[in-house]
Amino acid sequence: MLGPVRIQIEDFSSDDELAALRAGSQRIGGIATFIGCARDFSEGREVSRISFDAYGSMALAEMNRLRDEAIEKFSLLDTRLVHRVGSVGAGEQIVLIATGAEHRAPALEACHWLIDELKQRVPIWKKEITPQGDAWVTPHP
Amino acid sequence: MLGPVRIQIEDFSSDDELAALRAGSQRIGGIATFIGCARDFSEGREVSRISFDAYGSMALAEMNRLRDEAIEKFSLLDTRLVHRVGSVGAGEQIVLIATGAEHRAPALEACHWLIDELKQRVPIWKKEITPQGDAWVTPHP
Amino acid sequence: MIRILFFGPVAEQVAVREMQLEFHAGMRLMDVASHLQARYAEAFRLVSFIAVNSLQTKDMQLGLSDGDEIAFMAKFSGG
Amino acid sequence: MIRILFFGPVAEQVAVREMQLEFHAGMRLMDVASHLQARYAEAFRLVSFIAVNSLQTKDMQLGLSDGDEIAFMAKFSGG
């Protein structure tokens, strides 16, 4: 069984992540997921691939802290966070957040909170590969 | 390819629904899903199964209206709604909402809005099967 | 004919999912509702919503047409 | 030894992902930062966050220990 917090090169399966989440508890009434995908277009430029670099040990530690905080803050039954690194083609999946709670509102709110916090706090950087050249992405404030 | 709005007896696969959603557009940057599951416990009673009855034609029409409204209201690139009927065991999946948008906030907000509206507007009724007997669920206001 | 539909908890009380009533000119939704309510008082205590031809309505004065389909429904509890 | 790490856009500018600096007693974070900033001015214009042993810090007076790992990082853009 794959762990609940992972950084990996390979793609992931929502069905596998949801099965792992549901295996933990039959009290789960609502599961929310967020999946970030590589768009083929960004700020007016065509994007063919996105390449990710991570400070792996710190990123994993921060994702585990996020998991603990979310479980506490939203009374989740469980949550899973998976982020890919390496090269991801346009249209492919980048990141998955899955949250399970007794009721729907905390699951959905926790999912939103987690992806917002992940973008702020987890040391991962993306570079867009375009036909006009490559460029590291500078996040908007 | 399965349609984007369905009422069915069989279980569904998140991977299949997400693949169908992503096949529609490589502009999708964020996908949110909500999955409602049958809890094994409800208001102090053990629940072994949940049985669903639907006014099929009206429920489908209403789910299609919800889809159109959500696409318009949240500028979604696509959205899918699947609800099971018949008998669903504890821990099993009941309903799936999946929303795809250019950015994460509208996808997540649309997903939350859709499941709230579905519960209000779609003519489906659930009966909890417990060791102490069966009972139709009366929704809280 | 007017086709009457029941689902879920209402169907369980009425003990039937579907029935037909003879249509007559000038028939309104309230005529059908009060006729059925008198016969199935217990079931109608559960009714919160009415749909005519799959569209919800609260207009009890609504004029009916031959072939209309009317559903008397309890509060929804799907999802 | 102090281990220095660079990632993403900063690593691309420095043209190296990792380097080592000799540790000396009383060494503080600002000593390392200003030493590197002088050599890699271009890269350090991108630096927004510093982590010592995987924990973010803004305390430039922080005393270092032999074996510490310091990352000079651009704004995160994952997710």
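Order of the sequence lines sets the chain letters (A, B, ...), proteins ahead of strands, with each chain counted from 1. Basis for what follows: all heavy atoms, side chains included, without hydrogens, waters or symmetry-related copies.
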Bottom line for Arg121(A): the part with an atom under 4.5 Å from chain D's heavy atoms is backbone

Within a 6.0 Å radius of atom CD on Glu72(A), are there more than 12 heavy atoms belonging to other residues, nucleotides or ligands? no

Requested in this report: Just say parallel, tilted or perpendicular for the rings of Phe7(D) and Trp125(A), cut-offs at 30° and 60°.
Outcome: parallel

Interface check, chain D: of Gly36(A), Ala54(A), Ala61(A), most non-hydrogen pairs under 4.5 Å belong to Ala54(A)

If one checks every heavy atom of Lys119(A) against chain D at 4.5 Å, the contacting part turns out to be both

Whatever's closer than 4.5 Å to a heavy atom in chain D on Val122(A) counts as backbone

Checklist entry - Are the side chains of Met58(A) and Gln56(D) in touch, meaning some heavy atoms are under 4.5 Å apart? => result yes

When you compare the side chain of Glu12(D) with that of Asp53(A), does any pair of heavy atoms fall below 4.5 Å?
no

Value for CZ (Phe76(D)) from CD (Gln120(A)), rounded to nearest 0.5 Å, stands at 9.5 Å

**Asked** Taking Ser77(D) for the side chain and Lys126(A) for the main chain, is one N or O donor matched with an acceptor at less than 3.5 Å?
**Response** yes

Practice item. Answer yes or no: does atom CD of Gln8(A) have more than 12 heavy-atom neighbours from other residues, nucleotides or ligands under 6.0 Å? Key: yes

Heavy-atom closest pair (Pro123(A) atom, Met73(D) atom, distance to 0.1 Å) is CB-SD, 4.0 Å

Any heavy-atom pair between the side chains of Glu69(D) and Tyr55(A) that's under 4.5 Å? yes

